[in-house]
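Quick note: numbers below take in every heavy atom, side chains included, and nothing from hydrogens, waters or symmetry partners.
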Amino acid sequence: MRPRPLSKLQARDSRLQPLRPGAAAAIALVWLTPAAALAQEAEAGSAPASGQIETGEDGDQASPVAGRKIAFEANEIRYESDSETVTVAGNVLLRSGDQSVRADSVTWNRTTGQIVASGNIRYVDEDGNQILTDRLELTDELKAGAMQNMLLAFRTGGRMAAAEGRRLEDGDIELDRAVYSSCSVVDGEGCPKKPSWRVTARRVRYDEQTQQVRFEGAYLEMFGRRILPLPGLVVRADGGANSGFLVPDLGLSASNGVEFIGSHYWRIADNKDLLASAYLYTEAAPMASVEYRQLTGNGAFQATGYFTYGTRLPLNSQTRTSEKDVRGYIFTNGRFQLDPNWSVSGSIRVATDRTFLRRYDISRDDRLRSTIEAERIDDDSYFSIAGWATQALLVQQEQGLVPIALPVLDYRRRIDDPLLGGKVDLQVNTLAITRTSGQDTQRAFAQAQWSLRRVTALGQEVTLTALARGDIYHSDENELSETISYRGNSGWEGRGVAIGAVDVKWPLVGSFLGGSQVLTPRVQLVASPSIKNLAIPNEDARAIDLEDSNLFALNRFPGYDRIEDGTRITYGADWQLEFPGWRIKATIGQSYRLSDKPTLFPEGTGLTEQWSDFVGRTEVRYHDFLKFTHRYRVDKDNFAVRRNEVDATVGSDKTYLELGYLRLNRDIDLDFEDLQDREEVRAAGRISFARYWSVFGSAVVNLTDRNEDPSLSADGFEPLRTRVGVAYADDCLEFGVTWRRDYIALADAKSGNSFRLYFALRNIGGR
């Protein structure tokens with residue numbers, strides 16, 4: 001008698017529980033239970049077989065499988081009536097949803113209830129984890145199971161192999177003589193490679209519910225050598241962090257002596273964790289830090305704090321007498337999306353004194369900025385209410401003169417112009433600046449900007465722009481501002497602004513050197529009546545310099561407090577050349593003012609005379625191997641280079657050289673604190689060798705002389721810091737040593753050499 005089609009079989013089994021990675025092969029065998037009824041009527045040697053089993057909900061037999069469809073394929077299916085044995089063999093494939101099992105053969109003994117899968121068993125669960133084993137035994141009730149020569153490959157990259165394995169009654173997996181590693185066993189080209197580290201253990205237990213792997217008798221092996229016992233080791237199989245102590249950091253610094261950093265990580269829940277660290281020094285008091293992170297349903301935030309009690313030297317103190325006090329630093333930030341349009345974000349950074357961060361090598365910032373902001377964004381409008389505060393650290397400025405901006409409101413809306421087909425941008429902005437020992441300023445303005453872009457029949461792109469704005473200011477204690485031109489008039493002041501502009505571009509396309517080039521001449525006319533500028537305080541338009549980025553701007557002052565008036569013509573050209581592998585872009589331009597009246601631009605900015613300096617930018621790129629950018633400003637009279645900035649990168653991600661050079665030769669009045677001359681060179685590089693090893697280094701040198709900055713102690717060559725290191729890094733292991741030298745001493749942050757030794761294992765105590 002021929003068997004009935006498999007797709008119509010109804011097996012009387014109970015519902016299957018969620019599959020466990022450790023029971024992968026076992027599940028495959030249980031899936032075959034309904035096929036026994038079919039096999040009773042099949043003759044030995046029937047082949048091939050394929051189909052679908054649809055399990056039922058009721059019946060007289062309890063079994064782990066019910067209420068699901070299971071498709072399978074096999075070369076043959078046999079039933080031995082004497083031994084009551086059902087066997088499917090030859091490329092056996094069982095599939096249910098995202099789960100699948102492959103094996104050479106599967107046998108079920110109906111008398112003993114023993115189920116055996118053998119030969120190249122491979123199971124993939126719904127999470128992408130894989131189990132590979134040679135042989136597996138278990139009962140049809142899944143109460144016990146055994147595997148031999150098994151490999152468990154987690155989706156996140158970890159792998160575990162064992163000589164023997166058992167699935168326990170609670171669903172956990174217990175392995176004997178096991179090995180675990182998160183290293184890949186093949187390289188990027190698919191060739192086999194030995195893991196750089198692994199953990200060997202006498203016994204391992206995998207908890208499916210918590211996805212934790214617990215080791216007994218564990219040892220760490222690196223490059224084939226046993227180096228360290230790991231008692232009580234627990235890791236997470238899903239690649240997530242697990243609570244426990246991290247690998248310590250060791251270092252040596254000129255300020256603190258020998259440094260030892262030990263940390264304990266606490267995984268409070270899947271969405272929150274805490275890292276507590278202790279810092280021990282031979283030449284400083286101990287320090288502690290705590291970092292808390294949490295992911296919520298609509299955002300995330302973190303808070304970090306450093307605390308110690310010790311001596312410090314005040315910055316710029318005339319007498320080097322130390323002070324003993326509580327020292328620390330708090331940093332917290334976060335962002336929350338309240339709904340599709342509204343979001344809230346903030347950041348708070350506060351230190352107890354000016355040199356704490358540099359003394360303990362936490363940060364090298366010269367200012368700490370704190371802000372909070374609420375934003376609303378939709379398709380055609382934007383609204384923001386924010387506040388800003390800054391703490392001065394390594395700058396020669398009294399804290400009382402540092403502004404606090406609160407509140408800052410900005411609303412913008414874009415609407416289509418129904419009259420001429422252009423666009424109108426509306427903006428309303430308010431700002432309140434407060435200083436504890438300086439000038440206070442409040443500002444509000446409203447503006448409307450209309451723009452229309454058209455392309456002529458000859459291909460010219462013409463843009464018309466009109467802007468109208470009304471300002472109102474209030475300020476007091478103006479005499480406390482050191483720079484007279486920044487003060488403005490005390491009390492209330494109003495101002496009107498009107499600007500009109502015509503901008504014409506004409507792209508010309510052609511071929512050159514086997515590639516394509518685009519030459520785009522550009523001319524712009526901007527006109528504005530005389531604007532009352534000096535009566536208005538200048539808070540946000542101080543650091544002015546002519547660059548390629550603002551050459552064609554309606555207002556070449558940054559910010560809102562200063563507006564460029566008069567009539568000017570700006571002209572220039574963009575050029576772009578592309579051919580296989582190469583891309584070259586260049587921009588150059590100059591402007592001319594129709595009036596010879598004095599301007600507000602300081603001397604040395606390139607904008608004080610009728611003819612401006614020439615500014616430009618050149619970019620060269622060859623694949624991802626070469627990147628070169630040159631920005632410059634050339635004096636119109638003697639062609640002296642007033643701004644010269646070069647950034648270049650040559651090499652690949654593993655071996656590269658980065659060079660940077662900046663020269664600001666403004667020859668400007670020293671009263672303008674934001675516009676000092678500077679010259680600096682930067683270099684960094686890395687050389688990879690022996691596949692995973694590399695040497696790296698960097699240096700920053702100040703080339704500014706005393707003629708450019710009289711406050712400097714060095715004259716034309718002052719190294720700021722250098723760094724050299726050696727590192728090893730593969731897919732699961734990273735360690736190295738770094739040497740750094742700081743040349744500048746600031747109070748208790750000494751100059752000198754620092755060394756840092758770091759070591760990290762992926763998924764085991766890494767940072």
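- A salt bridge between R443 and E539 is absent, with no side-chain N of the basic residue lying under 4.0 Å from a carboxylate O of the acidic one.
- Counting all heavy atoms, side chain and backbone alike, L664 lies closest to D545 at CD2-OD2, 4.5 Å.
- Closest of all the heavy-atom pairs between P537 and N478 is CG-ND2, 4.5 Å.
- Side-chain N or O atoms of T332 include one that pairs as donor or acceptor with a backbone N or O of Q302 at under 3.5 Å.
- Two residues are said to be in side-chain contact when any heavy atoms from C-beta on lie closer than 4.5 Å; T722 and Y743 meet this criterion.
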Item to check | R412 and D425: CA distance, side-chain angles, deciding distance, side-chain contact (heavy atoms from CB on, under 4.5 Å) verdict | outcome: CA-CA 7 Å; R412 306 183 189 202; D425 292 317; over 6 Å; no
Checklist entry - How far apart are the C-alpha atoms of E680 and R682, what are their side-chain angles, what is the distance that settles it, and do they pass the salt bridge (charged side-chain N to carboxylate O under 4.0 Å, His left out) test? => result CA-CA 7 Å; E680 180 181 278; R682 309 177 304 277; 3.8 Å; yes
Checklist entry - Yes or no on side-chain contact (heavy atoms from CB on, under 4.5 Å) for T465 and L554, after CA distance, side-chain angles and deciding distance? => result CA-CA 9 Å; T465 304; L554 290 181; 3.8 Å; yes
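- Of the N and O atoms on the side chains of S277 and S263, at least one donor lies less than 3.5 Å from an acceptor on the other residue.
- Scanning both residues, T296 and F301, for their nearest heavy atoms gives CG2-CE2, 4.4 Å.
- Between the S528 side chain and the A498 main chain, a donor and an acceptor come within less than 3.5 Å of each other.
- Between N550 and R556, the shortest heavy-atom contact is O-CG, 3.0 Å.
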Checklist entry - After noting the C-alpha distance and the side-chain angles of R267 and D273, does the key distance pass the salt bridge (charged side-chain N to carboxylate O under 4.0 Å, His left out) rule? => result CA-CA 5 Å; R267 184 186 177 96; D273 58 18; over 6 Å; no
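- Within a 6.0 Å radius of CD in E482, no more than 12 heavy atoms belonging to other residues, nucleotides or ligands are found.
- For S343 and R335, the side-chain atoms include at least one donor-acceptor pair closer than 3.5 Å.
- Counting heavy atoms from C-beta outward, L275 and L246 have side chains that approach closer than 4.5 Å.
- Salt bridge D742/R358: absent, no basic N to carboxylate O contact under 4.0 Å.
- Of the possible donor and acceptor atoms, one in the side chain of Q337 sits under 3.5 Å from a partner among the backbone N and O of W342.
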Next on the checklist: One pair to check against side chain to side chain donor-acceptor pair (under 3.5 Å): Q447 and Y560. What are the steps and the verdict?
Outcome noted: CA-CA 11 Å; Q447 77 171 29; Y560 299 105; over 6 Å; no
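- Defined by atom type and a distance below 3.5 Å, a donor-acceptor pair is missing between the side-chain atoms of R562 and N555.
- Residue W388 qualifies as open at atom CH2: its count of foreign heavy atoms under 6.0 Å is 12 or below.
- A distance of 12.0 Å separates CG in L757 from CZ in F755, rounded to the nearest 0.5 Å.
- A donor-acceptor pair under 3.5 Å is absent between the side-chain atoms of S437 and the main chain of L401, judged by distance alone.
- In this structure, CZ on R327 lies 10.0 Å from CE on M287, to the nearest 0.5 angstrom.
- Under 3.5 Å, the side chains of Y279 and E259 contain no donor-acceptor pair of N or O atoms.
- R495 and N533 share a donor-acceptor pair across their side chains, judged by distance under 3.5 Å alone.
- Applying the 6.0 Å contact sphere to CZ of R376 captures more than 12 heavy atoms from other residues, nucleotides or ligands.
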Next on the checklist: I'd like to know whether D647 forms a salt bridge (charged side-chain N to carboxylate O under 4.0 Å, His left out) with K627, so could you lay out the CA-CA distance, the side-chain angles of the two residues, the decisive distance to 0.1 Å, and finally the verdict.
Outcome noted: CA-CA 8 Å; D647 288 290; K627 301 175 186 177; over 6 Å; no
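- Residue S381 comes nearest to R413 through the heavy atom pair CB-NH1, 3.7 Å, listed as atom of the first residue, atom of the second, then distance.
- Side-chain contact check for I544 versus P558: some heavy-atom pair is nearer than 4.5 Å.
- Once rounded to the nearest 0.5 Å, the distance linking OG of S475 with CG of N538 reads 12.0 Å.
- Between the side chains of Y473 and D561, at least one donor N or O lies within less than 3.5 Å of an accepting N or O.
- A donor-acceptor pair shorter than 3.5 Å can be found between the side chains of E679 and Y661.
- When atom types are taken as modelled, the side chain of Q439 and the backbone of R487 share a donor-acceptor pair closer than 3.5 angstrom.
- Here the CG-CD distance, from L394 to Q397, works out to 12.5 Å after rounding to the nearest 0.5 Å.
- Judged purely by atom type and a 3.5 angstrom limit, D565 uses its side chain to pair as donor or acceptor with the backbone of I531.
- Side-chain contact between V526 and T570 is absent, with no heavy atoms from C-beta onward closer than 4.5 Å.
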Next on the checklist: Run T434 and L406 through side-chain contact (heavy atoms from CB on, under 4.5 Å) and show every step you take.
Outcome noted: CA-CA 8 Å; T434 303; L406 181 70; over 6 Å; no
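- Enclosure of atom NZ in K750 is not indicated, since only 12 or fewer non-hydrogen atoms of other residues, nucleotides or ligands lie within 6.0 angstrom.
- Geometrically, R469 engages F445 in a cation-pi contact defined by less than 6.0 Å to the ring centre and at most 45° from the axis.
- Between the side chain of R349 and the backbone N or O of T371, no donor-acceptor pair lies under 3.5 Å.
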Next on the checklist: Please evaluate residues E547 and R643 with respect to the criterion salt bridge (charged side-chain N to carboxylate O under 4.0 Å, His left out), reporting the C-alpha separation (whole Å), side-chain torsions for both, the decisive distance (0.1 Å), and the verdict.
Outcome noted: CA-CA 9 Å; E547 302 174 343; R643 180 188 182 96; 3.4 Å; yes
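- By the 4.5 Å heavy-atom criterion applied to side chains, V290 and L274 are counted as neighbours.
- To the nearest 0.5 Å, atoms CG (D476) and CH2 (W492) are separated by 10.5 Å.
- Using modelled atom types, no side-chain atom of S591 and backbone atom of S612 make a donor-acceptor pair closer than 3.5 Å.
- Residues that satisfy the salt bridge (Lys or Arg N to Asp or Glu O under 4.0 Å) test with D613, not counting sequence neighbours, are R633.
- From E658, atom CD reaches atom OG of S698 across 9.5 Å, with rounding to the nearest 0.5 Å.
- Remark: E398 does not engage R435 in a salt bridge, criterion side-chain N to carboxylate O under 4.0 Å.
- The side-chain heavy atoms of F260 and L250, taken from C-beta on, include a pair separated by under 4.5 Å.
- Outside the 6.0 Å centre-distance limit, the rings of Y360 and Y306 are not counted as a close aromatic pair.
- Summarising the geometry of L393 relative to L357, their closest heavy-atom pair is CD1-CD1, 4.0 Å, with the distance given to 0.1 Å.
- Counting heavy atoms from C-beta outward, V497 and L467 have side chains that approach closer than 4.5 Å.
- Put simply, the side chain of N256 gets close to the backbone of R359: a donor and an acceptor are under 3.5 Å apart.
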Checklist entry - Could you walk me through whether I536 and I563 pass the side-chain contact (heavy atoms from CB on, under 4.5 Å) check? => result CA-CA 11 Å; I536 302 298; I563 305 295; over 6 Å; no
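- Defined by atom type and a distance below 3.5 Å, a donor-acceptor pair is present between the side-chain atoms of N644 and H630.
- A donor-acceptor contact shorter than 3.5 Å links the side chain of Q391 to the backbone of A351.
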